[in-house]
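Numbers here simply count residues along the sequence, with the first being 1.
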Amino acid sequence: MEKATFHDHLTRLREVFPDRECISIPQAAKFYGCHPNTLRQDKTFPAKKVGRYNKVTLINFARWLAV
């Protein structure tokens, strides 16, 4: 069962990043209010390697924020 805050986070992320399914770690860090290296070093952060870059889907980011 999803937490109620998941839907709130996902709605806000879709407002900030319209027409996007994935965002970069620097974009996620700016949204979260921390340095990108903080997210890179967090083993629970759901980033995936896409080519040369690490990306996170909005759904996984919202789920991570709701924990």
Count I, L, V, M, F, W, Y as connected when their side-chain heavy atoms are under 4.5 Å apart, and connections chain through other members. Are V16 and Y32 then in the same cluster?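 Yes; tracing contacts between hydrophobic side chains, which count when under 4.5 Å, links both residues.
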Cluster overlap V50 with V56, hydrophobic side-chain contacts below 4.5 Å: no
Measure the shortest side-chain to side-chain distance between [X] and [Y] over non-hydrogen atoms and say whether it is less than 4.5 angstrom.
X: R14; Y: L10; result: yes
X: F31; Y: R12; result: yes
X: Q27; Y: R20; result: yes
X: K30; Y: S24; result: no

Checking T38 side chain against C34 main chain: does a donor-acceptor pair fall under 3.5 Å?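 Side chain of T38 to backbone of C34: no pair is present.
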What closest approach, in Å, do I25 and P36 show between heavy atoms, and which atom pair accounts for it?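 So the two residues come closest at CG2-O, 3.6 Å.
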Value rounded to 0.5 Å, distance of [atom1] in [X] from [atom2] in [Y]:
X: I59; Y: E21; atom1: CD1; atom2: CD; answer: 6.5 Å
X: L39; Y: N54; atom1: CG; atom2: CG; answer: 10.5 Å
X: N60; Y: I23; atom1: CG; atom2: CD1; answer: 11.0 Å

Output field: ring centroids F6/W64 closer than 6.0 Å: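 Not close enough - the centres of the two rings lie 6.0 Å or further apart.
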Any side-chain donor near an acceptor of the partner, T5 and D8, under 3.5 Å: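 Looking only at side-chain atoms, D8 and T5 do not form any donor-acceptor pair under 3.5 Å.
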E15, CD: over 12 other non-hydrogen atoms inside 6.0 angstrom: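 Atom CD in E15 is crowded, with more than 12 foreign heavy atoms closer than 6.0 Å.
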